Engineer: 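I'd like to ask you about the structure that follows.
Both backbone and side-chain heavy atoms feed into the values below; hydrogens, waters and symmetry mates do not. These figures come from a predicted structure and were not determined experimentally. So that the names make sense, note that chain A is the first sequence line, chain B the second, and so on, each numbered from 1.
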Amino acid sequence: MYLKSLHIQGFKTFEQSTTLELSYPIIAIVGPNGSGKSNLVDALRWTLCEQNLRTLRARSMLDLIFAGSATRRPVSYAEAEVVFNNPGDVFGTGGDTVTVARRIFRSKESDFLIDGKSVQLRDVEAVLTSTGLGFRHYPFIGQGEMSRIFTMKPEERKTLFEEVA
Amino acid sequence: MYLKSLHIQGFKTFEQSTTLELSYPIIAIVGPNGSGKSNLVDALRWTLCEQNLRTLRARSMLDLIFAGSATRRPVSYAEAEVVFNNPGDVFGTGGDTVTVARRIFRSKESDFLIDGKSVQLRDVEAVLTSTGLGFRHYPFIGQGEMSRIFTMKPEERKTLFEEVA
Amino acid sequence: ASTLFEETFAVIEKAFQENFIKMFDGGEARLVRQENGELTGIDIDVVLPGKRRQPLELLSGGEKVLTAAALQFALFKARPSLFYLLDEVDNALDEDNVHRFARLLREQEDSQFLVVTHNRETMLAADVLYGVTMQESGVSKVVSLRLDSDEVPVHAS
Amino acid sequence: ASTLFEETFAVIEKAFQENFIKMFDGGEARLVRQENGELTGIDIDVVLPGKRRQPLELLSGGEKVLTAAALQFALFKARPSLFYLLDEVDNALDEDNVHRFARLLREQEDSQFLVVTHNRETMLAADVLYGVTMQESGVSKVVSLRLDSDEVPVHAS
Ligand SMILES: Nc1ncnc2c1ncn2[C@@H]1O[C@H](COP(=O)(O)OP(=O)(O)OP(=O)(O)O)[C@@H](O)[C@H]1O
Ligand SMILES: Nc1ncnc2c1ncn2[C@@H]1O[C@H](COP(=O)(O)OP(=O)(O)OP(=O)(O)O)[C@@H](O)[C@H]1O
Ligand SMILES: [Mg+2]
Ligand SMILES: [Mg+2]
């Protein structure tokens, strides 16, 4: 099991520091409409290099920072951190775990960190794909996206299969 | 209440003659995936002049005729009939009820009937709109179509409002 | 014709606001006119109770369906139809919101609704229940079901 | 590289067929190569148990989701990932199919799944349940929930 934990703070509706232990085969996230389940999913995707604003349901990266509510003021940055187990050093980083973090500030300044060290987006992408395990958007199926493989044109499906191979 | 009953025969999975009494304010249609609920909805829409094959989830009008199953042979035509109450002769046809029927044959020949009399598609459209009550596609919200008014461009929404007015 | 449009717009906006506030137990909703000399588009602007005004994209799946339903029902009121057909529009709603949606349905006066649903709560709002089954493979059969809540069909999810 | 594609295609098709037959308790499924000298597209061709072969468009909402899931899981098998994220993919499924989908999930070996769901049956397939709530308006809070079926949260629909 690779996924170990997720920590979110200031990202969308997660104004407060929130940590979830994720070392389980099947994890279910439940709750009422609008409570923040897909926001949690967005935080995971964003930390793991999702750059497509439409996928994150945002118009600008600043939309990802908690914008305040009726009772709380906005905050100045959003951050999320994913910790992976690193069995047999499959990530090539040398530790028992690998921690990937991402931040965005109101100034639009943006940080990427691997094990606390500041890096570029492409370095995080490199570490994720170094395991030889597929990544990018295809292992994530967002709301309403499941039938997409069904409704795709045959040409698009061929392209998808080529990416998988 | 205008809607009185629906009769279907040979339309999609309704191989056998089926009649539903519909003189109720709220009618719920329930059942397992693939059992025929949306096919029933398609039959209603088709009888009331739906011409868009995509809306009816078909490639050709012939797809609407029961194509057979593991245990039954295909049939040679599809037909559906909707009976309306006609309070105060709002439809202008003179009877207590108005019966609208539609048929399609394997030969691709197609019939429209009002109170048993053969007419053209446009005659059925005229009778439906003669009540002054809106019709066409907008009072029918198909699977997955509810958010469409939300995701429309503002220009499209203006056009929709103009049609309603 | 332009005045008819203005009157209709006002009826729709008012009904949209009333439906929205009932659906969400508060909040604000309005229609925004985009103009360039003349009207070029109509946009939606809502604030959910307890939250701040945000781009529509950020709303959740269920919030979008409820907001769309509030507006759609407003259109129905502005231009009534012989009957209305809703096919599984409540799929993305949590139990509480399915209940609110069912209540909105029941409150529509002088309207006839045919709804397809997998939700028990929506079934309870109906006056009659028709079950579509496929006992014989490939062939649909309709049975009328009683509405006591203990007889609501097991395939409701 | 072309041979790698052929091998991958064979793995995907085989897994797709096995998943499909398990999901629908029968039927047939295959991938169709569209060629014009070289491969130009890949299409899907399925027959549901008891029914005849028909254009894909005619399938129901739930049938499309299950067929898509059978193929999607085959892609996962061909190119494993660190973990998989599914957001409310089971909304259009009836109770019986939610159960089958949950079973397909549990049978994926050496895979980690994070699923967002409103369905009780899917929750029962999970090893841990996190409830996201909004007690304080506009602010999300996560609580871990026990998995005894009597404690499954009321907002499941
Ligand atoms: N930056 C932000 N600041 C404050 N609130 C935000 C921010 N971004 C999104 N939101 C709010 O988050 C809510 C959507 O949350 P989310 O999509 O996670 O809901 P959900 O639990 O997935 O619901 P559903 O079951 O309907 O899909 C919206 O009400 C939106 O206004
Ligand atoms: N002409 C036809 N002949 C035979 N079967 C048909 C025909 N047209 C459609 N079907 C079958 O009808 C089924 C779809 O039925 P329908 O869309 O009504 O299901 P549903 O009850 O709405 O299910 P869901 O809850 O998943 O939306 C498909 O299996 C399709 O193959
Ligand atoms: Mg969501
Ligand atoms: Mg359907």
Side-chain angles (χ1 to χ4, degrees), chain A residues 1-3 12-16 18-22 24-32 34-41 44-45 66 68-72 84 128 131 133-135 138-151 153-158 160-165, chain D residues 4-5 7-9 12 32 34 39-44 56 64-65 67-69 71-72 75-76 78-89 105-106 111-118 122-123 125-134 136-142 144-145 153 155-156:
Chain A
M1 266 191 305
Y2 296 103
L3 199 57
K12 290 202 173 185
T13 50
F14 290 87
E15 187 233 10
Q16 310 206 302
T18 301
T19 305
L20 286 88
E21 292 306 321
L22 300 176
Y24 303 92
I26 302 179
I27 300 142
I29 308 290
V30 303
S35 59
K37 306 180 296 296
S38 296
N39 290 348
L40 195 156
V41 166
L44 255 165
R45 296 177 84 154
F66 178 69
S69 71
T71 52
R72 302 272 185 149
F84 290 100
L128 292 174
T131 57
L133 295 169
F135 226 72
Y138 92 88
F140 299 150
I141 305 185
Q143 260 177 288
E145 291 179 10
M146 180 60 103
S147 337
R148 202 181 34 177
I149 192 167
F150 196 88
T151 55
K153 292 196 171 67
E155 299 74 35
E156 299 170 301
R157 209 174 285 128
K158 161 178 164 286
L160 175 63
F161 274 48
E162 289 170 334
E163 281 173 24
V164 168
Chain D
L4 174 62
F5 179 85
E7 282 180 34
T8 310
F9 185 92
I12 293 172
V32 180
Q34 292 177 351
L39 187 71
T40 54
I42 295 171
D43 214 347
I44 304 170
L56 290 183
K64 282 173 179 158
V65 163
T67 304
L71 181 54
Q72 196 66 61
L75 291 182
F76 292 164
R79 182 90 185 270
S81 175
L82 295 167
F83 67 94
Y84 307 94
L85 242 165
L86 310 176
D87 194 344
E88 285 185 38
V89 298
L105 266 186
R106 286 198 309 274
S111 294
Q112 222 171 344
F113 284 91
L114 190 85
V115 299
V116 178
T117 185
H118 287 294
T122 307
M123 292 178 208
D127 303 292
V128 71
L129 212 59
Y130 286 114
V132 185
T133 65
M134 213 168 243
E136 156 105 44
S137 59
V139 178
S140 295
K141 186 167 183 301
V142 178
S144 68
L145 300 163
H155 48 244

Engineer: Can you tell if the side chain of Val115(D) reaches within under 4.5 Å of the side chain of Tyr84(D), non-hydrogen atoms only?
Structural biologist: no
Engineer: Could you tell me if the ring centre of Phe140(A) sits under 6.0 Å from that of Phe83(D)?
Structural biologist: yes
Engineer: To the nearest 0.5 Å, how far apart are CD in Glu155(A) and CG in Asp43(D)?
Structural biologist: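 Rounded to the nearest 0.5 Å, the CD-CG separation comes to 9.0 Å.
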Engineer: Checking heavy atoms, do the side chain of Leu22(A), its backbone, both or neither come under 4.5 Å from chain D?
Structural biologist: both
Engineer: Please rank Met146(A), Glu21(A), Glu145(A), Met1(A) by heavy-atom pairs under 4.5 Å with chain D and give me the top one.
Structural biologist: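 Of the candidates given, the most pairs with chain D belong to Met146(A).
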Engineer: In terms of heavy-atom proximity below 4.5 Å to chain D, should Ser38(A) be classed as side chain, backbone, both, or neither?
Structural biologist: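 Both parts, backbone and side chain.
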Engineer: Heavy atoms only, distances under 4.5 angstrom: which of Leu71(D), Thr67(D), Val139(D) has the most pairs with chain A? Name it, please.
Structural biologist: Val139(D)
Engineer: State, with a plain yes or no, whether a side-chain heavy atom of Phe84(A) is found less than 4.5 Å away from one of Leu128(A).
Structural biologist: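 They are in contact (side-chain heavy atoms under 4.5 Å apart), so the answer is yes.
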Engineer: Heavy-atom distance under 4.5 Å to chain D: side chain of Glu156(A), backbone, both or neither?
Structural biologist: neither
Engineer: Rounded to the nearest 0.5 Å, what separates atom CZ in Phe150(A) from atom CZ in Arg157(A)?
Structural biologist: 8.0 Å
Engineer: Counting only non-hydrogen atoms closer than 4.5 Å, does Ile12(D) touch chain A with its backbone (N, CA, C, O), its side chain (CB onward), both, or neither?
Structural biologist: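 Looking at Ile12(D), just its side chain touches chain A.
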Engineer: Look at Gln112(D), Met134(D), Lys141(D) and state which one has the largest set of heavy-atom pairs under 4.5 Å with chain A.
Structural biologist: Gln112(D)
Engineer: In Å, rounded to the nearest 0.5 Å, how long is the span from OG1 of Thr13(A) to CZ of Phe66(A)?
Structural biologist: 8.0 Å
Engineer: For the interface with chain A, which of Val65(D), Leu86(D), Ile44(D) has the highest count of heavy-atom pairs at distances below 4.5 Å?
Structural biologist: Ile44(D)
Engineer: Using a cut-off of under 4.5 Å for heavy-atom pairs, which of Asn39(A), Thr151(A), Leu44(A), Leu40(A) has the most such pairs with chain D?
Structural biologist: Leu44(A)
Engineer: Select one option (side chain, backbone, both, neither) describing which atoms of Ser137(D) are under 4.5 Å from chain A's heavy atoms.
Structural biologist: both
Engineer: Can you tell which of Leu20(A), Thr19(A), Val41(A), Thr71(A) has the highest number of heavy-atom pairs within less than 4.5 Å of chain D?
Structural biologist: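 With the most close heavy-atom pairs to chain D, the winner is Leu20(A).
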Engineer: Do Leu82(D) and Leu3(A) come close enough that some side-chain heavy atom pair is under 4.5 Å?
Structural biologist: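 The answer is no, as the side chains (C-beta and beyond) never meet within the 4.5 Å cut-off.
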Engineer: Considering only heavy atoms, which portion of Ser140(D) lies under 4.5 Å from any heavy atom of chain A: side chain, backbone, both, or neither?
Structural biologist: both
Engineer: So, taking the atom named OH in Tyr24(A) and the one named OH in Tyr130(D), what distance separates them when rounded to the nearest 0.5 Å?
Structural biologist: 5.0 Å
Engineer: Pick one of side chain, backbone, both or neither for Thr117(D), based on which atoms fall under 4.5 Å of a heavy atom in chain A.
Structural biologist: both
Engineer: Is any side-chain heavy atom of Val116(D) closer than 4.5 Å to one of Val132(D)?
Structural biologist: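 A side-chain contact under 4.5 Å is absent here.
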